[in-house]
*Asks:* 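Dropping a structure here in structure tokens format, bear with me for questions.
Since the model is a prediction, treat every value here as computed from it, not as a measurement.
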Amino acid sequence: MEWVYIEDIGKYEGKDVELRGWVFNFRRKGKLLFIILRDGTGIVQCVVFKGDVGEEQFEKAKRLTQESSVIIRGSVKKDDRAPGGYEVSVKEIEPIFITKDYPITKKEHGVAFLMEHRHLWIRSRRQNAILRIRSEVIQAIRDFLYSRKFTLVDSPIFTPSACEGTTTLFEVDYFGKPAYLTQSGQLYQEAAALAFGKAYCFGPAFRAEKSKTRRHLTEFWQVEPEIAFANLDEAMKLAEEMLVYIIERVLERRKIELERLQRDTKILESVKTPFPRISYTEAVKRINELGESLEWGEDFGAPHETALANSFDSPFIVHRFPAQVKAFYMRRDPEDERLSLSFDMLAPEGYGEIVGGGEREYDLEILLKRIKEHNLPEEAFQWYLDLRRYGSVPHSGFGLGIERTIAWICKLPHIRETIPFPRMLDTVYP
RNA sequence: UCCAGCGUAGCUCAGCUGGUAGAGCGCCUGACUGUUAAUCAGGUGGUCGCAGGUUCGAGUCCUGCCGCUGGAGCCA
């Protein structure tokens, strides 16, 4: 008998199959057992009738509990009474492990309890759907960049010093010397871009900021493409096209999961390039018109970002931020020295910044000046300065935050559900 | 780091102006050939976060600490 996965069960109507999985729900009705079986790809109802399997197997099957593991053999039937439309008439049933006292029950639970049991919580329907969408998003990003002829060049996780000198880093003891967990792979991608033309890294980033909000993790994932000879406009265009590709892939291949999350996909379906674009200066004007007060030169706070994002129903781009609120390596706008050639992409529906990027400073003297202005240790940046000594070219890139992007695509209330094992201010378990 | 809220059964919670601890679910036993978070009958369940204080008496009031949740700043 062929072992099949539940997501493919429709192809086996009328045939005998073997399923291997776990008991998702279990109901007894006299000489009849209803087992909702879960195998990671879906769920299906299996019906055990005492008369079909015999006394001995029926007695064994009666001992099954929620999350017990089991192998079931039987025939696939179409039945409108079953959730999912198909059910399995069981001929043989072989319990593998009888679970006792599974902590996550069919009733409601609080967030703290579920987080404490995250290793079991990911078995649930909703978490399964979110993490399958995460897998699709990551696959889409890799496929997109591959098709655009980008080379994957992994950036290191241990770094000798702060990339940008702004955020707080996790320090580790590196054989007696301090090293830091990376907050961004970008600087290394600049080296990669000058070696490969188009390069990207995809990996975790770490921030030791004591942020306690629905939008923050201490360990999160980002993809960071960098393109030699590209300018700001070309970087913005690539970011838009990548996001559109991600959304199209999820809509196409993870429709069932979006439905399970009850995501209204209208906004996702309407996303197309080019995105609305607004300069920082225009954005400040608009924010003030919307009733929030913000002076030119200040970075957006949460209320400003929310007000601005609510005035769009698509992802949008804010470009040319004041140089003072951006990192030292951002190139200044030749038309206005106060501005940087930078951009942020913000998601609608209150999800905030999902992409940040721009054009990098490629002149050695200017970059040296910036490093001094920011009080950064020049020695640590010698390799980075070498990129401006040997064949320096204009180049641009950006970073896209995976978890925030998934949170928006799934319209989740909190970013912690978008990553299998979230690391937050007070959470390193499990 | 700062601000706010919450800690009572395995889970989700109720417990009034202080008077000897409650419900639903889960779990265990039994009944049922079509259940959909099944239903019905019976049973099981407590260091009221920790420490101190006020009081004849504290789950309830006060102080400190710990934990959790949300938000701010900062950021993706």
*Asks:* Quick check on the 6.0 Å ring-centre criterion: do A/Phe381 and A/Phe328 meet it?
*Replies:*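 Centroid separation for A/Phe381 and A/Phe328: below 6.0 Å.
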*Asks:* Using the P atoms only, state how far B/rC25 lies from B/rU63, rounded to an integer number of Å.
*Replies:*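 About 39 Å, rounded to a whole number of Å.
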*Asks:* When you measure from every atom of RNA chain B, which of residues 17-32 of chain A have a heavy atom less than 4.0 Å away?
*Replies:*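 The answer is A/Asn25, A/Arg27, A/Arg28, A/Lys29, A/Gly30, A/Lys31, A/Leu32.
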*Asks:* Per the atom types in the model, does the base of B/rG34 pair as donor or acceptor with the side chain of A/Glu87 at under 3.5 Å?
*Replies:*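 Answer is yes: a donor-acceptor pair is held.
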*Asks:* Quiz question: by atom type and distance under 3.5 Å, do the side chains of A/Tyr146 and A/Arg142 form a donor-acceptor pair?
*Replies:*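 No, no side-chain donor-acceptor contact under 3.5 Å.
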*Asks:* Given B/rG73, B/rU12, B/rA76, which nucleotide is nearest the side-chain atoms of A/Ile415?
*Replies:*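 The answer is B/rA76.
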*Asks:* Can you confirm whether the side chains of A/Lys326 and A/Ser342 place a donor and an acceptor under 3.5 Å from each other?
*Replies:*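 Result is no, nothing qualifies.
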*Asks:* Determine the contact category for A/Asp299: base if any of its heavy atoms lies under 4.0 Å from a base atom, sugar-phosphate if only primed atoms, P, OP1 or OP2 are that close, otherwise nothing.
*Replies:*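 It contacts sugar-phosphate atoms only.
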*Asks:* Suppose we define a pair by two distances each less than 3.5 Å, Watson-Crick or G-U wobble; what does B/rU69 pair with here?
*Replies:*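 Per the H-bond distance test, B/rA4.
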*Asks:* Less than 6.0 Å separating the ring centroids of A/Phe321 and A/Phe300?
*Replies:*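 For A/Phe321 and A/Phe300, the ring centres are under 6.0 Å apart.
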*Asks:* Under a 3.5 Å cutoff, is there a donor and acceptor pairing between the side chains of A/Glu92 and A/Gln57?
*Replies:*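 No, no side-chain donor-acceptor contact under 3.5 Å.
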*Asks:* A/Glu403 near the nucleic acid: base, sugar-phosphate alone, or nothing, with a heavy-atom cut-off under 4.0 Å?
*Replies:*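 Nothing, no nucleic acid heavy atom in range.
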*Asks:* In whole Å, what separates the P atom of B/rG42 from that of B/rA21?
*Replies:*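 Taking atom P in both B/rG42 and B/rA21, they lie 24 Å apart.
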*Asks:* Please name the nucleotide paired to B/rC50 by Watson-Crick or G-U wobble geometry with both distances under 3.5 Å, or report none.
*Replies:*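 Base-paired to B/rG64.
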*Asks:* Quick check on contacts: within residues 216-225 of chain A, what sits under 4.0 Å from RNA chain B by heavy-atom distance?
*Replies:*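 A/His216, A/Leu217, A/Phe220, A/Gln222 - these, ordered by number, are the residues of the stretch whose heavy atoms sit under 4.0 Å from the strand.
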*Asks:* Rounding to the closest angstrom, what is the interatomic distance between B/rU47 and B/rU1 at atom C1'?
*Replies:*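 Here B/rU47 and B/rU1 have their C1' atoms 34 Å from each other.
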*Asks:* Classify A/His414 by what it touches in the nucleic acid, base, sugar-phosphate, or nothing, heavy-atom distance under 4.0 Å.
*Replies:*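 The answer is sugar-phosphate, as A/His414 gets under 4.0 Å only of primed atoms, P, OP1 or OP2.
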*Asks:* Is a donor from one side chain sitting under 3.5 angstrom from an acceptor on the other, for A/Arg118 and A/Gln127?
*Replies:*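 Yes - a donor-acceptor pair under 3.5 Å links their side chains.
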*Asks:* Given the P atoms of B/rC61 and B/rU17, what is the spacing between them in whole Å?
*Replies:*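 Rounded to whole Å, the distance is 9 Å.
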*Asks:* Is the base of B/rC75 touched by the side chain of A/Ser211 through a donor-acceptor pair closer than 3.5 angstrom?
*Replies:*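 No, no donor-acceptor pair under 3.5 Å.
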*Asks:* Check for a donor-acceptor pair, side chain of A/Glu298 on one end and backbone N or O of A/Glu295 on the other, with a separation under 3.5 Å.
*Replies:*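 Side chain of A/Glu298 to backbone of A/Glu295, a donor-acceptor pair under 3.5 Å: yes, one is there.
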*Asks:* Salt bridge check, A/Arg134 against A/Glu403: does any charged N sit closer than 4.0 Å to a carboxylate O?
*Replies:*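 Looking at A/Arg134 together with A/Glu403, the answer is yes, because their closest N to O distance falls below 4.0 Å.
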*Asks:* Could you say whether A/Val325 or A/Arg214 is positioned toward the 5' end of RNA chain B, judged by the nucleotide with the nearest heavy atom to each?
*Replies:*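 Nearest nucleotide further toward 5': that of A/Arg214.
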*Asks:* Side chain of A/His109 only, please: which of B/rA76, B/rC11, B/rA72 is the nearest?
*Replies:*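 Between B/rA76, B/rC11, B/rA72, the one nearest the side chain of A/His109 would be B/rC11.
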*Asks:* Roughly how far apart, to the nearest Å, are B/rU60 and B/rG53 at atom C1'?
*Replies:*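 Straight-line distance between the two C1' atoms is 15 Å.
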*Asks:* Using a cut-off of strictly less than 4.0 Å, decide whether A/Lys212 has a side-chain nitrogen or oxygen near OP1 or OP2 of B/rG71.
*Replies:*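 No.
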*Asks:* Would you confirm whether A/Ser279, through its side chain, and A/Glu282, through its main-chain N or O, come within 3.5 Å as a donor-acceptor pair?
*Replies:*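 Between the backbone of A/Glu282 and the side chain of A/Ser279 there is a qualifying donor-acceptor contact (under 3.5 Å).
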*Asks:* Could you let me know what B/rU20 is paired to, Watson-Crick or G-U wobble, both distances under 3.5 Å, or none if it's on its own?
*Replies:*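 Base-paired to nothing in any strand shown.
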*Asks:* Which part of the nucleic acid, if any, lies within contact of A/Gly301, taking any heavy atom under 4.0 Å across all strands shown: a base, the sugar-phosphate backbone alone, or nothing?
*Replies:*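 Contact class for A/Gly301: sugar-phosphate only.
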*Asks:* Could you tell me the Watson-Crick or G-U partner of B/rA58, where both distances fall under 3.5 Å? Say none if there is no partner.
*Replies:*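 B/rA58 is unpaired by these criteria.
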*Asks:* Between B/rU20 and B/rC13, how many Å separate the two C1' atoms, rounded to a whole number?
*Replies:*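 To the nearest whole Å, 22 Å.
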*Asks:* Side chain of A/Thr105 only, heavy atoms from C-beta on: which candidate in B/rU69, B/rG26, B/rC75 is closest?
*Replies:*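 Shortest atom-to-atom distance from the side chain points to B/rG26.
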*Asks:* Taking the ring centre of each residue, are A/Phe316 and A/Phe275 less than 6.0 Å apart?
*Replies:*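 For A/Phe316 and A/Phe275, the ring centres are not under 6.0 Å apart.
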*Asks:* Considering only atom P, compute the distance from B/rG59 to B/rC66 and round it to an integer number of Å.
*Replies:*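 24 Å, rounded to whole Å.
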*Asks:* Would you mind pulling out the nucleotide paired to B/rA41, Watson-Crick or G-U wobble, both distances under 3.5 Å?
*Replies:*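 When the pairing criteria are applied, B/rU29 turns out to be the nucleotide that pairs with B/rA41.
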*Asks:* Select one nucleotide: of B/rC75, B/rU69, B/rC11, the one nearest the side-chain heavy atoms of A/Arg404.
*Replies:*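 Closest nucleotide to the A/Arg404 side chain: B/rC75.
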*Asks:* What are the two closest heavy atoms between A/Asp333 and A/Arg320, and how far apart are they?
*Replies:*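 Minimum heavy-atom contact is OD2-NE, 3.3 Å.
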*Asks:* For A/Lys100 and A/Leu425, take the nucleotide of RNA chain B holding the closest heavy atom to each; which residue's nucleotide lies nearer the 5' end?
*Replies:*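 Nearer the 5' end of the strand: A/Leu425.
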*Asks:* Please give the distance between the C1' atoms of B/rU8 and B/rC50 as a whole number of Å.
*Replies:*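 After rounding to an integer number of Å, I get 15 Å for this pair.
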